[in-house]
Structure formats: C-alpha cells, structure tokens
Amino acid sequence: MNLHEYQSKELFSHYNIPIPVGFLATTIEQVKNYVDKLNNNAVIKAQIHSGGRGKAGGVKLVSSIDESESFTKSILGKFLITPQTGSKGIKVNKLLVEEATSIDREIYFSIVIDNNDYAPMIICSTEGGMDIEEVSRTMPEKIIKTVCSPILGVSNYKIRKICEELNIPKSLIPNFTEIVNSLYKLFIEKDCILVEINPLVITKEQKVIALDAKINIDDDALFRQKSLKDIEDKSQLEKLEIEANRNDLSYVKLEGGRVGCMVNGAGLAMATMDITKWAGAQPANFLDIGGSATVEKIESAFKIIVSDKDVEVILVNLFAGIARSDVVANGIINAAKETESKIPLVISMRGTNSEEGLKLLNNSNLDITTATDLENAANILKQKLSQGDI
Amino acid sequence: MNLHEYQSKELFSHYNIPIPVGFLATTIEQVKNYVDKLNNNAVIKAQIHSGGRGKAGGVKLVSSIDESESFTKSILGKFLITPQTGSKGIKVNKLLVEEATSIDREIYFSIVIDNNDYAPMIICSTEGGMDIEEVSRTMPEKIIKTVCSPILGVSNYKIRKICEELNIPKSLIPNFTEIVNSLYKLFIEKDCILVEINPLVITKEQKVIALDAKINIDDDALFRQKSLKDIEDKSQLEKLEIEANRNDLSYVKLEGGRVGCMVNGAGLAMATMDITKWAGAQPANFLDIGGSATVEKIESAFKIIVSDKDVEVILVNLFAGIARSDVVANGIINAAKETESKIPLVISMRGTNSEEGLKLLNNSNLDITTATDLENAANILKQKLSQGDI
Amino acid sequence: MSILVDKNTKLLIQGVGRDGSFQALRMMEYGTNIVSAVHPGREGSKFENKIPYFSSVSKAINETGANTGIIFVPAPFAKDAIIEQIDSNLELVVCITEGVPIHDMIEIKNYLQTKTTRLLGPNCPGIITPKSKTKVGIIPGNIVSPGNIGVVSRSGTLTYEAISQLAQYGYGQSTCIGIGGDPINGTSFVDALKLFQEDEETEAVVLIGEIGGNKEQEAATFIQNYMSKPVIANIAGQTAPEGKRMGHAGAIVTGESGLASAKNISLKNAGAHVVESSAYIGKKVKEVLS
Amino acid sequence: MSILVDKNTKLLIQGVGRDGSFQALRMMEYGTNIVSAVHPGREGSKFENKIPYFSSVSKAINETGANTGIIFVPAPFAKDAIIEQIDSNLELVVCITEGVPIHDMIEIKNYLQTKTTRLLGPNCPGIITPKSKTKVGIIPGNIVSPGNIGVVSRSGTLTYEAISQLAQYGYGQSTCIGIGGDPINGTSFVDALKLFQEDEETEAVVLIGEIGGNKEQEAATFIQNYMSKPVIANIAGQTAPEGKRMGHAGAIVTGESGLASAKNISLKNAGAHVVESSAYIGKKVKEVLS
C-alpha cells in the first residue's frame with residue numbers, strides 16, 4: 001500500500017524526522033490562504049501515487065497568490081499523467097503546500113528490504129534529487145548500500161561510514177544519525193517495504209530536512225497497521241482494483257487486451273500470460289484468486305472480470321491445490337447466471353476436485369469450452385481468434 | 001541499581017501495567033489524608049531497598065485514620081530491620097499508601113537474565129505471595145521457567161503455555177498477555193536485570209494487578225538510563241558506598257572485621273578475602289579499584305577505607321594489568337599524607353610498573369610492609385596479629 | 001530414497017480450520033502418516049476420531065513422536081506457529097499459509113540461522129514423495145506418480161502444471177517440492193538442488209522459476225559448480241510487464257537480475273536446459289532424457 | 001603451537017585513548033605485531049609514527065591485513081566496536097573494556113551465533129603466548145615465560161597471581177587466556193579447554209574460576225568427557241558472603257551451582273585437581289606434574 005507524500009511526512013513528523021512546514025489543501029481558497037501564510041514563497045505539490053511528478057508538471061514553485069491560483073486551477077481535479085501512471089493518468093484531489101526551502105545539497109536516502117540478506121538495506125547517494133535508477137545505471141559507484149541487522153538494527157559504525165561517504169558536515173552528524181535511526185525505527189514498526197527520501201536536503205541554514213517522502217507498506221501486514229490501512233486513498237486505485245482488494249483478490253488491469261484471465265497463483269498467472277500472448281491474443285486483465293477460495297469470492301472475481309468492458313473472452317486456468325475446483329465452478333456458474341453474461345469462457349480446470357468441477361460446468365448450459373491443459377487452452381484461444389469468434 | 005516499589009510501579013504505569021491506586025507519603029499528615037481518600041481501607045508499605053518487609057513489620061493493612069497514624073508513627077523515620085538489611089536496618093523515609101485489594105489468587109512473576117541462554121527468562125509460579133526461593137526449594141515443580149528470544153521477544157505460544165500452566169481464566173488471557181509483553185518491553189528498554197512482581201494478583205473482581213513491584217537496573221547501563229539514574233535513592237546506601245559509587249569504585253562493607261582491603265579485580269578481591277580469613281583475620285571492607293585507575297581515584301579509595309572506623313590495618317593487594325602500579329602508589333601516598341593516617345599498610349604490588357610503584361612506596365616514609373605475593377601477605381598479616389601489632 | 005519426506009515422516013498438523021482439515025483428509029487419503037494435530041481449544045478430542053489434538057506443539061511431539069510439521073494457520077498467526085515448531089526442533093516445517101508479512105519472515109530467517117530445523121515455505125504447496133505415498137502439503141495426489149524426476153518450483157500451481165506435463169510424457173517424480181513464491185522463504189532453489197543431486201532416485205530435475213529476485217541466478221551458479229544431473233528450467237513471466245511492488249529503490253537492489261531474460265541466460269550458461277514456454281516443460285524433459 | 005594468537009597474529013587496535021595507547025606500547029614492547037589502529041578523527045596520522053590510523057575497521061583490514069582485533073573503547077561504545085570487528089570477519093576479537101551493559105552482551109552473543117568470529121571478553125585481560133612473544137591484551141609481559149602450562153581464568157588479576165606462582169615453581173606457559181568476569185562473555189572455559197586439549201604444547205591446564213554462575217560446572221563436564229591433560233583448578237570466593245546482585249529470582253536460575261563448594265565438588269568429581277587456596281596454585285601444579 002502506497003502512502004501519499006503528505007501522509008508519509010505526517011509519519012515522519014511522529015518520528016521526529018524534520019520536514020518543511022506545510023499544509024494539505026483540497027480547494028483553491030485553501031491553497032491561496034496557505035501560500036499567503038508562507039509569505040508567497042511556497043511549493044505546491046500534487047498528491048498522487050506516482051513518481052516523476054516534477055517532470056510531469058505536478059510540482060510548482062510559486063512566489064505569488066496569483067501564480068498559485070493559476071497553477072491550482074490547472075491541476076486540481078485534473079488527471080496528471082506521468083511516465084508511471086499509464087495513459088489515463090491519476091486524478092489530483094489534494095495538493096501539499098509547503099514553504100520553499102533554500103537547498104545547499106541534495107542527498108538520496110532510502111530503506112528497502114534486501115531479500116538476499118534477509119534484512120533491511122539502506123541505499124543512499126550524494127546524487128539526490130535525481131532519478132535514482134538513472135544514477136544506478138550511469139554512476140553505480142555513487143550508490144552506497146548498507147545492509148542492516150534485524151538483530152542489532154543500524155549499528156552506529158555503519159552510520160559513521162555512511163556519513164563519511166556522503167560527506168556529511170561534522171556538525172550535522174548527530175542530527176543525521178538521529179534521522180537514520182528514526183527512519184529505521186519507522187521502517188520496522190510500520191511494516192514498510194520502502195521508505196524513500198529524494199531528496200533529503202541540507203539547507204543553506206545547515207539543517208537536514210526531508211524534502212520529499214515516499215512510503216510503501218507491506219499489504220500483508222495491514223492487519224496490524226490498522227491506522228495506516230484506514231488512511232489508504234482509494235481514489236488512487238481503479239474501481240475494479242478496489243473491488244478486488246475488498247474481496248482479497250489480486251487484480252491487474254492491462255492496456256489493449258481482449259482476454260479476461262482468471263487464474264490461481266502468480267506463477268500460473270504469468271505462464272498463462274505468456275501462453276496467451278504467444279497464441280496471438282492480449283490479456284485485458286489478470287485476476288488471481290489466490291489459494292483458498294469460497295464461492296462468494298469466485299463470484300466476485302467473475303463479476304469484476306465481466307465489468308471490464310475490454311473483455312471479449314474469459315480464460316479460466318485453474319490448477320487447484322488448496323483451492324477446490326467444485327467451489328470455483330459453482331462460483332463461476334452463479335455469477336454468470338446472476339450477471340447474465342454472454343461472454344464465452346475457455347476453462348482449464350485441474351487438480352483438487354477437478355472432476356466434480358468440470359461436471360458442474362458441463363451441466364451449466366453456459367458458453368464454455370473446456371481445455372485439457374495450458375497448451376490446449378492456448379490452441380483453443382488461437383482457434384477462436386482465427387475464426388473471428390472473438 | 002534498585003528502584004523502590006513506588007518507583008517501579010510508576011514505571012509499570014508508563015507501560016500500562018495495572019497497579020493499585022496509591023500515593024507516596026513522607027509525613028503523617030499525608031498518610032492520614034491518603035487513607036481518608038481511600039475510604040479507610042488501605043495498605044501502608046515502607047519504601048526501603050529490601051525484601052521481607054512484610055514479615056519485618058513494614059507493611060500494614062489499616063482500616064481507620066487512627067490506625068494509620070499509630071503505624072506511621074511507629075515506622076516513619078525509624079530503621080527497619082529485615083533478614084536482608086543487616087543488623088542496623090535501613091531508614092524508612094517514604095511510605096506508599098495504597099487502596100486495599102480483594103485478592104482471589106496470587107501469582108509469582110519475574111523476568112531475569114538467563115546467562116546460559118544469553119536471553120531474558122520469565123520465571124513464574126502459581127505460588128505467589130510467598131518467598132520464591134522457598135517455593136523453589138520445596139516445590140520445584142511449581143516453578144515455571146520460560147526462556148525468551150532476544151531476536152523475537154516473547155513468542156505468543158510461550159505466553160499461551162504460561163497461561164495454561166498458571167491456569168489463567170480464559171477471559172483474562174488477553175489482559176495477562178498484554179501485561180507479559182509490556183513487562184518484557186520494560187525489561188529490555190530500561191536495561192533491567194530483574195523485574196519482579198510478587199504477588200501479581202487476580203482480584204475478586206477478576207482484574208490482574210501488580211500488587212508489589214521490584215526492579216533492578218544494570219549499573220553498567222545507567223549511562224543511557226539517565227532518568228532512572230536521577231531517581232536513585234542514595235539515602236538507602238551507606239555513606240561510604242555513595243562516596244565509592246561517585247568515584248566509580250566498588251565498595252563492600254563487611255561486619256565484624258578489622259582489615260581494610262584495597263584490591264584490583266573481583267577475583268583477586270575474593271582470593272584476598274579467602275587468604276585473609278585463613279590467616280585468622282576478618283576483612284572490614286573491600287574496595288575494588290577496578291581496571292583503569294587515576295591518582296585521584298586511588299586517593300578517594302584510600303580515604304574511603306580510612307573513614308571506616310573498624311579498620312586497624314590496610315591490606316593492599318595489587319596485580320596491575322591495565323592499572324599502573326606507580327599511579328596507585330602515588331594515590332596512596334598522597335591520600336595517606338593528606339589524611340595523616342597512621343594506619344599500618346601491608347602492600348603487595350606486582351604487574352605493570354610495579355618496580356616504580358614499590359620504589360615510590362619505599363621512599364614515602366609511611367608505615368608500610370611490602371609483601372612479595374599473596375601467601376607472603378597472608379603470613380605478614382598473621383604475624384602482625386600474633387604480635388598484637390593490630 | 002527421496003528428499004525430506006518419506007515413509008518415516010510422522011506429521012503434526014497445526015491449524016485445522018476449513019482449509020487445514022480439508023487438506024489433512026487429502027494427505028491421509030494419499031497415505032501420509034499424520035500423528036497429531038495442534039489447534040487451540042481442542043485438546044482431548046480427535047480429528048476424524050483418529051488423530052489426537054493437543055494445545056501445544058511440544059506436547060504433541062512428546063506424545064506422538066512427530067518429526068515433521070505442517071502449518072495452515074492464518075497469516076497473522078503464522079510466525080508464531082513457525083517459531084513454535086522451530087523451537088520444538090522438528091526436522092522439517094512446511095508452512096502453507098500465504099500472506100505472511102515480510103518483516104515476520106526477516107525475523108524467522110534470522111532466527112533459523114541459530115537452529116537446525118529446515119523450513120519450507122511459507123506460501124508454498126509443500127512437498128510430495130510418490131513412491132512412499134507421503135505428501136506434506138497440498139499438491140494434488142492424483143497428478144503425481146513414482147519416478148525419477150525431481151521437481152522444484154517457486155510457484156504452486158505451475159508445479160502442478162509441470163507435474164501433469166511430466167505425466168503426459170510418462171515421467172514420474174522422485175519428490176516434488178514447492179519452495180513458495182515469497183521473496184524471503186525457508187528453503188531456496190539451491191537447498192533443493194543440493195538434495196536432489198545427492199538423492200539416488202533422482203535422475204533429472206525440473207526447476208520452475210519466476211521473474212523477480214535473483215534466486216534463479218543462485219541456482220545457476222550451483223548447477224554450474226555442483227550438479228551432474230540434468231536440470232530442465234522454465235521461468236514464468238517472460239512477457240510480464242515490469243513489476244512495481246518494490247518501487248524504484250527496490251529495482252536497484254536486484255538490478256536487471258529480476259528479468260526473465262537475465263535468468264534464462266544465467267541458467268543456459270550454467271548448462272541448464274531452458275524451456276521458454278511453460279507449455280513445453282514435459283516435452284523438453286523427454287528431449288533431454290532421450 | 002599455542003592457542004588463538006601466535007607469530008601470525010596481525011593486530012588491529014581500536015580505541016587508542018589513555019589506556020589503549022599505554023597498553024599498545026606494552027604490546028609492541030613485548031613483540032606483538034600491531035599493524036593498524038582505529039580511532040575517530042585520526043585517519044592519515046600514525047600511532048608512535050609507526051602504526052597507521054584508520055577511520056573504520058574495514059579500511060584498516062583492507063590496507064593492513066589485520067586478522068585479530070583488540071578493543072579499548074569506553075563501555076558505552078564497546079558494543080558498536082565489537083559488532084564492527086565481528087562484521088569485518090576478524091578471526092579473533094578481544095574486548096578489554098569493562099562495564100559493558102549485559103543487554104548489549106545478550107545482543108552480541110546472539111549475533112555471534114550467525115558469525116564465525118571468536119570473541120574473547122569483554123572485561124578480560126586478553127591473551128598472551130610467551131613463545132611467540134605475542135600478547136593481545138594487558139597481561140603483564142614480564143611475568144610470563146614460555147612453557148607448557150595453559151592458563152585460563154575468569155579473573156584478570158588472579159590470572160597474574162597464578163602465572164607468578166607458576167614462575168616460582170619454574171613453570172612457563174603455552175598460552176594464558178583471561179575469558180573475563182562478566183556473566184555473559186564471548187569465550188567460555190569449555191572453549192578454552194577444548195583448544196588447550198588440542199594444543200600440542202600444552203601439557204597441563206590451570207583453570208581459575210569464581211563463585212557465581214555455572215560455567216565451572218560446564219567446564220567440569222567437559223573435563224570429565226574430553227580432557228586427557230591434567231587440569232588444576234582453583235575457585236576464588238570460598239569465604240565470600242552470598243552475592244546479592246541478581247536478587248532472589250536470579251538465585252533460582254542458577255540455584256546452588258554458584259557456590260564455591262558446588263564448583264569444587266563438580267571439578268573434583270570430573271577428575272580435576274582442585275586447590276582451595278589461591279596462594280597454592282603453583283605448589284599444586286608442581287605436585288600434580290611431579
């Protein structure tokens with residue numbers, strides 16, 4: 001789950017990590033009011049779940065009320081398109097109005113999870129304020145990676161080394177050390193998979209301030225991060241994604257496809273995508289029903305797929321382990337009848353209780369072609385495509 | 001460092017561990033006022049650094065203002081002698097006045113450090129409110145030991161097992177679990193070497209409450225537990241102990257002895273005690289100057305020893321490693337001159353810079369007999385004793 | 001022989017809710033020797049009038065001599081169950097539960113380093129040895145058959161796919177092991193390959209990877225240095241758009257290694273037989289072994 | 001041969017304040033090969049115009065090939081220095097510092113279980129091997145001499161006492177090792193006995209224990225099961241009044257095992273030669289070896 005910049009900064013504040021003075025605005029009047037408060041020297045930042053906002057025109061330094069008004073008019077309530085949003089863009093509902101900062105140096109700082117060492121890893125660089133992937137490609141020697149210890153946290157000697165490599169002025173080392181420790185604490189306590197500050201700046205007044213903030217929480221841990229779960233901004237998700245999340249399904253919309261795919265398991269989903277593409281078709285979406293599944297869950301999954309207007313054929317690829325084929329079959333049949341869907345189905349159903357499941361499907365009077373396996377399913381799809389059935 | 005019961009309970013309160021309503025009193029008027037507030041149904045408890053207060057008459061259940069007044073008069077400002085205090089007892093300066101609790105069951109609960117597993121260990125028993133060492137001797141099967149993990153803390157399954165063994169009513173398990181987790185957190189965060197609740201009670205109203213509280217903090221960690229260091233009750237220590245603590249010396253007063261002992265290292269201290277006793281003498285005290293030592297520290301050590309009126313001869317047993325014999329010699333000479341002490345010295349001085357040290361001592365005109373080693377020192381002592389020199 | 005589970009396996013099952021009890025029955029039907037069950041509040045009674053319930057793992061082991069554990073408890077309680085089983089020194093612990101928080105897995109992995117138990121999973125289909133009719137997990141028993149192919153996979157359902165393709169070409173399996181799809185888990189490809197290399201009954205290994213991480217590259221290094229048996233490898237997600245989960249900083253950690261193309265190259269260079277389409281795994285095995 | 005340190009020891013010293021620099025000079029005088037020093041803010045300069053300073057342990061190792069570390073930094077910073085040295089994979093880390101918080105040692109011990117470094121101390125006098133003139137610690141060099149007695153002790157100053165008594169009776173030492181007096185430390189009696197048992201130059205071992213804990217009992221078990229060489233043992237604190245530090249609950253953990261009498265009995269039963277008075281350690285060695 002992604003947090004907005006303003007939400008991340010609120011968390012920073014709780015952990016005593018310095019941030020610029022700022023206010024959240026949802027109307028032009030508020031923006032103007034805050035810019036006035038900040039002596040007409042402010043930065044206005046669109047709050048959407050995407051990087052690359054700056055280049056896309058989502059961040060603006062303003063030095064007058066008029067300027068703030070015209071910028072706000074141009075962006076608030078509009079869809080902002082960045083390299084990460086897709087062609088539709090994401091709607092800007094909130095703006096963060098912050099005091100402008102006089103920057104001396106920009107540092108990149110983040111904490112991620114290092115799967116190889118089973119530990120949090122600090123990544124930092126003297127090249128802050130830039131696209132860090134770009135830095136990693138062109139100046140790999142400028143990327144400093146520090147593996148932490150889940151037993152010990154961030155040892156002080158590691159922070160000393162980071163300070164040395166980032167060339168932090170001696171007078172700021174205690175301050176910087178505190179920020180690193182606080183960020184680490186936040187990372188652990190809030191079940192983060194990413195905490196990123198780009199840039200972390202040293203101001204001309206020699207203060208260390210988190211100018212940006214990006215936090216990503218482990219979805220699997222939201223059960224114990226209720227306060228964060230509650231602030232999730234659902235307006236940033238597609239309607240169908242929200243519906244899927246609510247039913248504990250994993251839904252991914254893909255652009256330009258015609259095949260709606262219902263599968264169980266991420267690996268099989270990917271294999272299904274590979275096969276579909278090689279058959280000459282494009283998936284319109286992916287709905288992974290996961291392991292354990294109830295009839296209700298399958299019904300909801302089916303309804304989500306048929307709500308996608310791009311879907312012309314539905315490919316169900318089920319290999320049941322913990323899931324039960326009969327349950328899945330019942331869910332599909334119920335939902336197809338309820339929605340009166342006429343979309344043809346290609347279904348491969350194997351594994352636990354698959355005989356019962358196939359029997360149910362074959363007796364259902366729905367437009368179903370059953371496939372024996374992955375290869376067969378691909379061939380049926382290919383055939384339907386070439387026959388112009390879909 | 002020991003905390004008083006009322007201080008321990010204050011800490012408990014910060015960690016949301018339930019304690020009885022109570023007030024700290026230092027005057028009779030306060031006690032009467034609080035007993036009135038508590039509807040004449042209160043327990044008054046002497047706040048001294050010692051166990052066994054109950055049996056020694058330091059705890060009293062009162063049901064009227066008069067009763068509280070007469071008990072307070074009998075104890076406040078007086079010395080309370082318990083099996084743990086020595087014959088002088090400890091002065092009672094503070095009384096804790098608490099609401100009386102209707103007890104259904106008494107449980108013993110503590111966390112200590114298990115040196116073998118390098119981990120905190122929870123010790124508990126259904127036999128609360130009793131001397132736990134007695135329980136351990138007579139009913140060892142009633143002692144439940146649970147080793148925690150420094151990596152994981154107290155795993156929930158361990159708490160479930162404890163609840164089962166203590167037969168905690170099902171409705172109280174969530175409550176009890178929270179208390180265990182809070183106590184563990186306190187134990188870790190406050191650098192405790194002991195947290196003990198005896199008894200932890202289940203009241204007739206089915207609440208879990210810490211009726212008593214004992215906390216012992218690692219002296220070596222006080223540098224980072226400043227708030228606790230600040231509340232240390234120095235009135236509970238001997239004057240000379242305070243002086244020693246202030247100079248980072250380890251001082252132990254022993255009753256009935258005549259030999260003041262200055263040594264470096266706990267092992268050598270114990271060996272010196274063994275030798276002294278076997279020579280027929282009794283140590284009056286022990287002053288371990290530890291590893292690194294400055295002239296000032298040695299001066300202060302010497303002054304502490306000669307302030308002890310029981311001391312008739314001083315035995316210095318130094319085997320210098322990180323300490324330097326010349327530094328120790330200079331400290332002794334300076335302090336002896338300054339205090340004009342006439343107490344004879346038996347000095348064994350070996351190790352780092354011992355030649356320089358012995359030279360300084362021999363040129364000092366003090367009443368010094370130098371010994372070549374431990375055995376020799378013991379023989380000199382024996383000789384002096386038999387000659388009636390001391 | 002086989003790896004990790006066989007006729008000596010005495011299984012303890014923890015978490016006997018809807019999925020756990022359903023799968024316990026499937027395991028028993030298949031032939032697995034389930035000796036005890038751990039589920040809160042059921043001590044004294046028996047699962048299916050046969051398998052005694054206990055309130056704790058240690059009690060269950062003391063009473064029934066279980067040497068292997070399987071976990072079906074919900075994700076919020078999975079860490080505690082895993083730790084309880086590890087602390088009880090079971091030889092093998094299989095965690096089927098999906099959705100275990102990654103910070104929990106960090107703690108578990110670090111804790112495991114001080115212990116002797118092997119953990120398989122979480123978020124995995126478990127393990128099955130057809131010859132001894134032992135299944136610890138949820139791999140459907142009717143799709144496997146005794147034979148000499150070892151199967152190891154990050155993906156549950158793709159494992160079944162691979163097994164069913166092997167059947168089409170007449171190949172049975174020595175042991176099939178699903179290591180689970182989470183970024184941090186108990187048993188790695190390398191661990192499984194090591195066991196298969198040492199296992200007399202395994203003639204060749206099918207390895208099914210996925211995009212993301214660099215565990216397939218680690219497997220490649222092991223194959224190159226230590227495997228004498230043929231390895232047929234398939235990476236799912238050849239056509240997948242780049243994942244977003246870890247964001248940009250995450251991509252720096254693994255760099256390009258997460259791409260299917262990078263994994264294919266590593267595996268090819270290590271001497272593995274790479275099959276690009278998941279539909280032709282069985283066919284490729286036939287080709288390699290003929 | 002000797003144990004842990006010898007002529008191949010290349011020492012890094014961390015914390016070169018008043019005590020550290022004084023002891024560094026003593027070590028150099030004795031013959032120890034100190035190759036680098038780590039002290040904040042001194043990088044670029046040299047200790048005694050000879051030994052280069054570095055800002056971090058890893059740099060010091062990279063530049064000078066140190067394989068052993070010694071720590072003199074003040075107690076509040078000792079944990080960090082120990083971890084830094086462990087993380088740099090030094091073979092042996094000796095921590096002289098006293099007063100390290102016990103909770104720090106808990107973390108360090110658990111961390112060590114996942115690492116290969118051996119820690120000696122904290123609160124210990126270190127180690128000295130007279131034959132190769134190598135001293136890593138603060139044991140006075142002028143009291144030891146080459147020979148065949150191994151010395152291991154919990155107490156710093158009592159170690160010196162024992163060595164000096166050995167000298168009186170004409171015995172030199174293979175290696176003397178002070179494991180430190182703290183309840184939780186890096187190297188135990190058992191670890192040291194194991195090394196002495198395997199060391200060709202060690203003929204007999206002097207073990208000096210103290211009241212408290214049960215490490216001497218663990219040593220006794222090891223002596224009984226694995227030691228063929230004679231062990232002469234002395235426990236300090238025979239006449240000490242019972243300690244109070246851990247209070248009552250603490251006493252339950254160790255029970256009676258902390259008493260000198262209990263330790264003496266265990267050691268005697270294990271076949272060790274127990275000498276009750278610390279003044280007669282040398283005499284006892286003579287008696288045993290004659």
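Order of the sequence lines fixes the chain letters, A, B, ..., with proteins taken first and strands second; residue numbering starts at 1 for each chain.
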Taking atom [atom1] of [X] and atom [atom2] of [Y], what is their separation to the nearest 0.5 Å?
X	Y	atom1	atom2	answer
A:Asp191	C:Asp104	CG	CG	7.0 Å
C:Met105	A:Asp220	CE	CG	11.5 Å
C:Gln238	A:Trp278	CD	CH2	5.0 Å
C:Ile281	A:Glu375	CD1	CD	11.5 Å
A:Thr352	C:Phe22	OG1	CZ	5.5 Å

Fill in: Trace of the side chain to side chain donor-acceptor pair (under 3.5 Å) decision for A:Asn317 with C:Glu161
CA-CA 10 Å; A:Asn317 191 4; C:Glu161 179 65 44; 5.1 Å; no
I'd like to know which of [options] tops the heavy-atom pair count under 4.5 Å against chain A.
options	answer
C:Ser155, C:Pro140, C:Pro125	C:Pro140
C:Glu98, C:Glu276, C:Arg154	C:Glu98
C:Ser188, C:Gly141, C:Ala75, C:Gly99	C:Gly99
C:Tyr111, C:Tyr280, C:Tyr160	C:Tyr160

As an exercise: rank [options] by heavy-atom pairs under 4.5 Å with chain C and give me the winner.
options	answer
A:Asp373, A:Asp274, A:Ile275	A:Asp274
A:Thr294, A:Val252, A:Asn376	A:Thr294
A:Ser149, A:Pro140, A:Gly351, A:Cys192	A:Cys192
A:Ala377, A:Gly267, A:Ala221	A:Gly267

Mark yes when over 12 heavy atoms from residues, nucleotides or ligands other than [X] sit less than 6.0 Å from its [atom1]; otherwise mark no.
X	atom1	answer
C:Lys115	NZ	yes
A:Lys253	NZ	yes
C:Asn142	CG	yes
C:Gln113	CD	yes

Fill in: Evaluation steps, side chain to side chain contact (heavy atoms under 4.5 Å, CB included), between A:Leu374 and C:Ser278
CA-CA 8 Å; A:Leu374 208 52; C:Ser278 302; 4.1 Å; yes
[X] (side chain) donor-acceptor with [Y] (main chain) under 3.5 angstrom:
X	Y	value
A:Asp218	C:Pro101	no
C:Asn110	A:Pro150	no
C:Thr157	A:Asn264	yes

Worksheet item: Are A:Ile113 and C:Pro183 side-chain neighbours, meaning at least one heavy-atom pair lies under 4.5 Å?
Response: no
[X] versus chain C, heavy atoms under 4.5 Å apart: side chain, backbone, both or neither?
X	value
A:Asn353	side chain
A:Leu318	neither
A:Ala269	neither
A:Phe286	neither
A:Arg137	neither
A:Ser50	neither

Where on [X] is there a heavy atom nearer than 4.5 Å to chain A: the side chain, the backbone, both, or neither?
X	value
C:Phe72	side chain
C:Ile163	neither
C:Ile143	side chain

Item to complete: With side chain to side chain contact (heavy atoms under 4.5 Å, CB included) as the test, would you mind laying out the steps for A:Asn116 and C:Glu218 before giving the verdict?
Response: CA-CA 10 Å; A:Asn116 291 320; C:Glu218 286 175 21; 3.4 Å; yes
Worksheet, complete the sentence: The residue among C:Ile184, C:Ile106, C:Asn214, C:Asn185 that forms side-chain contact (heavy atoms from CB on, under 4.5 Å) with A:Asn115 is C:Ile184
Worksheet item: After noting the C-alpha distance and the side-chain angles of C:Leu158 and A:Met270, does the key distance pass the side chain to side chain contact (heavy atoms under 4.5 Å, CB included) rule?
Response: CA-CA 9 Å; C:Leu158 254 187; A:Met270 286 187 282; over 6 Å; no
Discussion item. I need the minimum non-hydrogen distance between A:Ala271 and C:Ala236, along with the two atoms involved.
Written reply: N-CB, 4.2 Å
Response to the item:
Correct closest heavy-atom pair for A:Arg350 and C:Ser164 would be NH1-OG, 3.2 Å
Worksheet item: With a 4.0 Å cut-off, would you call A:Asp117 and C:Lys109 a salt bridge?
Response: no
Fill in: Working for side chain to side chain contact (heavy atoms under 4.5 Å, CB included), residues C:His103 and A:Ile188
CA-CA 7 Å; C:His103 282 267; A:Ile188 299 295; 4.1 Å; yes
